[in-house]
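First comes the structure, then the notes that go with it.
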Amino acid sequence: MEVRDLHEWPATVAEAEAIQDRLRPSLDLEEPGPQALRTVAGLDVSYAGDGGGTGARLAAAVVVLDARTLEVVEESVVTGTAAFPYVPGLFAFRELPTLVAALRRLTVTPDLLVCDGYGVAHPRRFGLACHLGVLTGLPTIGVAKTGFVGSHETPGARRGDAGPLVDGGEVVGRVLRTRDGVKPVFVSVGHRIDLDTACRHVLALAPDYRLPETTRRADRLSRDALAASP
DNA sequence: GCGACAG
DNA sequence: ATCTTGTCGC
């Protein structure tokens, strides 16, 4: 599929923040988004060694599923190196080049991208899911496993129970329980979809486990690719 | 000022 | 993210 060029790459924290600020106006946060999905892609990255700096070896995976059956339609995985040190809020710059390379190898264009991390629930309202949305033009959402920005009440204990994630006085996401009695996930929109629709899709994608099947498949693929590569 | 801090 | 043993539960 087509993905916009990354163009200039930041060398400093200030440059990376400036890029986020410059791209943010391109976000479409008005569309309700796709109500019915034919295909949906999950993205994830695994690392080897060096936990925080630039240059760590990594594998970026994209797995496209049939949204109805959750069966694999296509897989793409690319190995590379971390393109930026880990800095909370700039996490996307670490793995964006390799993720984009994996997306470009796709022969099908998914109806939705499910990213590992956050969308607008971000210090500058431009997390990984937003960045990938602007680069691909596709609807994107972020599903994170732990908190980052914002505060929330503990949602009910049953699957489907949820509550707002609030930051700076605005609702930036939703804390959503995907399994009875299991720690909830943090859902935020990235591009071209609304929060209700995003949460509906997350629940449909996670019938048996805490995380969406898209994320679980991409996680396994990236992990296996990393272990199999020199 | 001191922590906390997506992966 | 990754480093890691045992352990509780279906």
Show every donor-acceptor pair shorter than 3.5 Å between a side-chain atom in residues 221-230 of chain A and any protein atom, with sequence neighbours excluded, or say none if there are none.
residue  : atom : partner  : partner atom : Å
A/Ser222 : OG   : A/Ser46  : OG           : 2.8
A/Ser222 : OG   : A/Ala218 : O            : 3.1
A/Ser222 : OG   : A/Asp219 : O            : 3.0
A/Arg223 : NE   : A/Asp219 : OD2          : 3.4
A/Arg223 : NH2  : A/Asp219 : OD1          : 2.9
A/Arg223 : NH2  : A/Asp219 : OD2          : 3.0
A/Ser229 : OG   : A/Arg57  : NH1          : 2.7
A/Ser229 : OG   : A/Ala225 : O            : 3.4
A/Ser229 : OG   : A/Leu226 : O            : 3.3

Donor-acceptor contacts under 3.5 Å from residues 10-18 of chain A side chains, at least two apart:
residue : atom : partner : partner atom : Å
A/Thr12 : OG1  : A/Glu15 : N            : 3.1
A/Glu15 : OE1  : A/Ala11 : N            : 2.7

Taking Watson-Crick and G-U wobble contacts under 3.5 angstrom, with | marking pairs to another strand and [ ] crossing pairs, the secondary structure of DNA chain C is written ..........

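Remark: ring of A/Tyr86 stacked against base of B/dG7; centroid gap under 5.5 Å, plane tilt under 30°. The aromatic ring of A/Phe148 sits over the base of B/dA6, with ring centres less than 5.5 Å apart and planes tilted by under 30°.
In this structure, A/Ser151 has no side-chain contact (heavy atoms from CB on, under 4.5 Å) partners at least two apart in sequence or on a different chain. With sequence neighbours excluded, the residues that form a side chain to side chain donor-acceptor pair (under 3.5 Å) with A/Thr107 are A/Glu74. By the side-chain contact (heavy atoms from CB on, under 4.5 Å) test, A/Lys183 is found to be paired with A/Arg210, residues two or more places apart in sequence or in another chain being considered. Evaluation of the side-chain contact (heavy atoms from CB on, under 4.5 Å) rule for A/Ala82 yields A/Tyr47, A/Ala56, A/Leu58, A/Arg94 as partners, not counting sequence neighbours.
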For nucleotides 7-10 of chain C, list the nitrogen or oxygen atoms of the protein found under 3.5 Å from its nitrogen or oxygen atoms, one pair per line.
none

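Following rounding to the nearest Å, A/Phe91 (CZ) and B/dG7 (C1') show an atom-to-atom distance of 4 Å. Between A/Asp44 atom CG and B/dA6 atom C1' the separation is 12 Å, expressed in whole Å.
A salt bridge links A/Asp5 with A/Arg104: the closest approach of a Lys/Arg side-chain nitrogen to an acidic carboxylate oxygen falls below 4.0 angstrom.
Applying the ring-ring contact (aromatic ring centres under 6.0 Å, His included) definition to pairs two or more places apart or across chains, none involves residues 190-209 of chain A. Judged as a side chain to side chain donor-acceptor pair (under 3.5 Å), the pairs with a partner in residues 21-45 of chain A (not counting sequence neighbours) are, in order, A/Glu8-A/Arg22, A/Asp21-A/Arg24, A/Glu31-A/Arg192, A/Gln35-A/Thr197, A/Gln35-A/Arg200.
For A/Arg177 against A/Pro155, the heavy-atom pair with the smallest separation is NH2-O, 2.9 Å.
Note on A/Leu58: nothing from the nucleic acid sits closer than 4.0 angstrom, heavy atoms only. Note on A/Arg223: only backbone sugar-phosphate atoms sit closer than 4.0 angstrom, heavy atoms only; bases stay farther off. Heavy atoms of A/Leu90 sit under 4.0 angstrom from at least one base atom. A/Gly147 comes within 4.0 angstrom of sugar-phosphate atoms only, judged by non-hydrogen atoms across all strands, and of no base.
Here A/Phe148 sits in one hydrophobic cluster together with A/Tyr118, A/Val149, A/Leu165, A/Val172, A/Val175, A/Phe186; the rule is ILVMFWY side chains under 4.5 Å apart, joined directly or through other members.
In DNA chain B, no run of at least 3 Watson-Crick or G-U pairs (N1-N3 plus N6-O4 or O6-N4, or N1-O2 plus O6-N3, all under 3.5 Å) shows up, so the stem list is empty.
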